[in-house]
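Position 1 is the first residue of the sequence; numbering continues from there. Everything quoted here is computed from the prediction, not taken from an experiment.
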Amino acid sequence: MSRKSGSGDDVWRSIDKINSELFTLTYGSIVSQLCRDYNHNYSEVNSQLDKMGYNIGVRLIEEFLAKTGAQRCANFRETMEMVSKVGFKMFLNIVPSVESWSPDGKSCTLVLPEPNPLTEFVDYPSHDAKIGKELWYSQILCGVLRGALQMVQMDVDVAFAKDTLRGDDRTEMKVKLNKVLKDEVPAGED
């Protein structure tokens, strides 16, 4: 991903959009159905949302690169700034802040602005205390980041640390670079 590419605002203006309420309600229906399908085993629901997000991220990166003209970034810090300012703006019309960089530059925190477009109409049911402790409602975003970054040769761990749905003061995701993957030619295609 490149330092020289269209801004998130430019790309946002140029792409087709869907109604945000439709998107939010559709996502809510998916989460609700997963909760029923997995008998309210929220650990498994989180896992399924992460897998779905990963598959989305693997595919979204192509659209991101095609529409922004982005080239490879110089390092992880630059990549995370691009993801925050262009990627999130392009697909969700939000710009998370990138904070709390580790001294080695291999981990940071993405703080999502309020309202989080995925949780705009969400209230956890009061009869299920377990849901507020175990479900990471926006877990799909962790998978999207992991999938997209893997496609640009970055193996990362992504996890929610806080969520306003759980009563926290803000929604934040921890992102940790494990390693930069080598460009490899698949076996038999040399």
Side-chain angles (χ1 to χ4, degrees), residues 8 12 15-61 63-64 80 83-85 87-102 107-151 155-178:
W12 174 255
I15 61 175
D16 294 332
K17 295 163 195 69
I18 64 165
N19 180 295
S20 65
E21 291 173 358
L22 174 63
F23 171 71
T24 302
L25 295 172
T26 301
Y27 181 72
S29 295
I30 290 168
V31 174
S32 180
Q33 186 63 50
L34 285 171
C35 289
R36 285 190 298 277
D37 288 351
Y38 290 96
N39 296 315
H40 303 279
N41 176 344
Y42 300 118
S43 175
E44 186 58 33
V45 172
N46 292 336
S47 177
Q48 292 301 315
L49 288 169
D50 191 78
K51 287 177 190 175
M52 291 169 64
Y54 176 84
N55 290 326
I56 292 168
V58 165
R59 287 163 181 79
L60 275 184
I61 194 66
E63 183 175 354
F64 174 85
M80 290 309 298
V83 164
S84 172
K85 292 183 173 106
F88 272 90
K89 179 67 178 181
M90 180 177 167
F91 293 110
L92 291 175
N93 196 27
I94 61 171
V95 180
S97 58
V98 184
E99 302 176 358
S100 305
W101 280 99
S102 63
S107 66
C108 64
T109 301
L110 273 180
V111 179
L112 276 64
E114 290 301 322
N116 171 349
L118 295 180
T119 64
E120 209 164 345
F121 305 111
V122 177
D123 286 320
Y124 282 158
S126 58
H127 67 278
D128 187 354
K130 195 170 117 174
I131 194 170
K133 295 178 183 153
E134 297 178 17
L135 178 66
W136 292 104
Y137 187 85
S138 300
Q139 182 67 33
I140 199 166
L141 295 177
C142 293
V144 169
L145 276 175
R146 202 169 46 81
L149 291 174
Q150 184 171 335
M151 296 308 292
D155 176 35
V156 296
D157 289 330
V158 185
F160 275 96
K162 293 183 177 183
D163 189 344
T164 56
L165 282 177
R166 291 177 161 209
D168 295 319
D169 59 332
R170 61 190 197 167
T171 301
E172 63 182 44
M173 303 162 64
K174 300 286 186 186
V175 185
K176 178 182 175 255
L177 175 66
N178 296 320

Seminar exercise, completed: In short, C35 meets Y42 closest at the heavy-atom pair SG-CE2, 3.7 Å
Exercise. Is there a side-chain contact between V58 and Q150, using heavy atoms and a 4.5 Å cut-off?
Worked result: no
Exercise. Do the side chains of M52 and L34 get nearer than 4.5 Å, heavy atoms only?
Worked result: yes
For this session: Kindly indicate whether the side chain of L135, heavy atoms from C-beta on, has any atom under 4.5 Å from the side chain of V31.
Result: yes
For this session: Rounded to the nearest 0.5 Å, what's the gap from CZ on R146 to CG on L141? Could you check?
Result: 13.0 Å
Exercise. With a 4.5 Å heavy-atom cut-off, do S138 and N116 have their side chains touching?
Worked result: yes
Problem set entry | Where P113 and P96 come nearest, the two heavy atoms and their spacing | CD-CA, 3.8 Å
For this session: Kindly assign one of parallel, tilted or perpendicular to the pair F160 and W136, based on the angle between their ring planes and the thresholds 30° and 60°.
Result: parallel
Problem set entry | Polar side-chain atom of N39 near backbone of N41 as donor-acceptor pair, under 3.5 Å | no
Problem set entry | Beyond-backbone contact of Q48 with K51, side-chain heavy atoms, under 4.5 angstrom | yes
Problem set entry | Donor-acceptor contact present, side-chain N46 to main-chain E134, <3.5 Å | yes
For this session: Look only at the side chain of T171 and the backbone of L112, and say whether a donor-acceptor pair between them is shorter than 3.5 Å.
Result: no
Problem set entry | Flag side-chain contact, heavy atom, 4.5 Å: F88 against V83 | yes
Exercise. Is the shortest heavy-atom distance from the side chain of L110 to the side chain of L145 under 4.5 Å?
Worked result: yes
Problem set entry | Pairwise distance OG1(T164) to CZ(R170) - rounded to 0.5 angstrom | 11.5 Å
Problem set entry | Least distance between heavy atoms, T119 atom then Y137 atom | CG2-CD2, 3.6 Å
For this session: Assert yes or no for the condition that the ring centre distance of Y27 to F121 is strictly below 6.0 Å.
Result: no
For this session: State whether a side-chain donor-acceptor pair under 3.5 Å links H40 with Y38.
Result: no
Exercise. Rounded to the nearest 0.5 Å, how far does NZ of K176 lie from CG of D157?
Worked result: 5.5 Å
Exercise. Side-chain contact, heavy-atom cut-off 4.5 Å: M80 with L149?
Worked result: yes
Exercise. Say you draw a straight line from SG of C108 to CD of E172; how long is it, rounded to the nearest 0.5 Å?
Worked result: 11.0 Å
For this session: State the CG-CD distance between L49 and Q139, to the nearest 0.5 angstrom.
Result: 7.0 Å
Exercise. For N55, does its backbone N or O pair with a side-chain atom of R59 as donor and acceptor, under 3.5 Å?
Worked result: yes
Exercise. Which is it for F91 and I56 under the side-chain contact (heavy atoms from CB on, under 4.5 Å) test, yes or no, and what are the steps along the way?
Worked result: CA-CA 12 Å; F91 293 110; I56 292 168; over 6 Å; no
For this session: Nearest 0.5 Å please: distance from the OG atom of S84 over to the NZ atom of K89.
Result: 11.0 Å
